[in-house]
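We count ligands from 1, going down the list as the structure has it; atoms in each ligand are counted the same way. Computed from a predicted model, the values in this text were never measured in an experiment.
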Amino acid sequence: MRYTYFIATLALVGASPSHLDAQGPTGRAPDTSSTLITPARVFDGMEMHEGWSVLVRGDRIAAAGPSNTIAAPANATRVGLPGATLMPGMIEMHSHLLLHPYNETTWDDQVLREPLALRVARATNHARETLRAGFTTVRDLGTEGAGYSDVGLKRAIAQGIIPGPRMIVVTRAIVATGSYGPRGFTPEMDVPQGAEEADASSLARVVRDQIGRGADWIKVYADYRWGPNGETRPTFTLGELEQIVEIARTSGRPVVAHSSTPEGMRRATLAGVETIEHGDAGTPEVFRLMKEHNVALCPTIAAGDAILRYRGWKHGDPEPARIAEKRASVRAAIDAGVTMCSGSDVGVFTHGENGRELELMVDYGLAPLLTLRAATSTNARLLHMEEQIGAIKPGLLADLVAVRGDPVRDIHAVRDISFVMKGGTVVRAAP
Ligand SMILES: [Zn+2]
């Protein structure tokens, strides 16, 4: 099947908030060219609609509805996508563009042995593959030793220097002194860490410093593997977490917490973080608390799944205990009514395979329609960007993805991408 499409100018035009496109308008005349996209069906971020079309003008969605109701200008470019489902560009809520899979290079070696330029060069490939996989926005949750490279990558993408998703960044992330890694060296040696250390006496300065260097969110590790026997224990006190949230919130920035223990999750929730990442050992009680405080869970199922595969677990083998426990905790979160965010921790596994998280969310018990909402409209709302992205409705940015088939009937369709448009520009089209 052939159809034509136009490659719009790389310049992003129109009035976008500064956190989306740091460089803003380029002074060129606004792009008012139109594209009419006619797939078999449209998932608008909430519901599936058979027989809809979508009209794009410039970088925005101009109209969406039953095909016979959409009036396209005579000179509009027409894109037919028979059999395909058009959806909002997917949103990855937990990426690490500066990491690559641990079965290629261990995390310690990436942090300690890979030059910054090498890591950034690799990250440009990761950004391109992420976009081609239909993820038009990522919240990148920490450079893991690569400094403030996420701030530069974000600007390079916003300026059209390299292809990639819109980025929401946290820079280095914050860990309690002595709790993180790499570790296991002679104590006389100061080993560079994968995140920025801080404590009650320095937290205020570190939060403000990361904001000053470009953080859109503040990420904190509420627990980590620093118990007497290497077990996971809470790191920051409730008071320290509250201090982080108060300063971030003063600046208008939300806080995200890495946490997998019930106590870490409890403290993060009470302190006022907006999303909790992982939550592996979450209990019905702590999920009820999260629900009560309107804190979302990003279960990052795909990362745990990948790590067990790296340790030798193969398709057809009995499920390891950790998988059974993860299934139970995800189930408990769903049953408690916790808002499910979709974020995979990609970087632990291959960039561009982000759709694995959606497949696994369905495998772990979330309905396909709810999983699609999580990766689009819910994630957009959690990012406070629902007026920009995450839905197909007039006025929003034209971030659009087509998948072959119907992902509500078969979620694996989200990994069979035939078309990607970001901000009105076609970045991938079927041959
Ligand atoms: Zn992560």
Are Asn125 and Arg122 close enough that a side-chain donor and a side-chain acceptor fall under 3.5 Å?
-> no
Would you say the side chains of His94 and Glu357 form a donor-acceptor pair under 3.5 Å?
-> no
Would you say the side chains of Thr186 and Glu188 form a donor-acceptor pair under 3.5 Å?
-> yes
Under 2.8 Å: N/O/S of His278 next to the Zn ion (ligand 1) = no
Do Glu144 and Tyr180 get their side chains close enough for a donor-acceptor pair, meaning under 3.5 Å?
-> yes
Measure from the Zn ion (ligand 1) to each N, O or S atom of Asp345 and report whether any distance is below 2.8 Å.
-> yes
To the nearest 10°, what's the angle at the Zn ion (ligand 1) between atoms NE2 (His96) and NE2 (His94)?
-> 100°
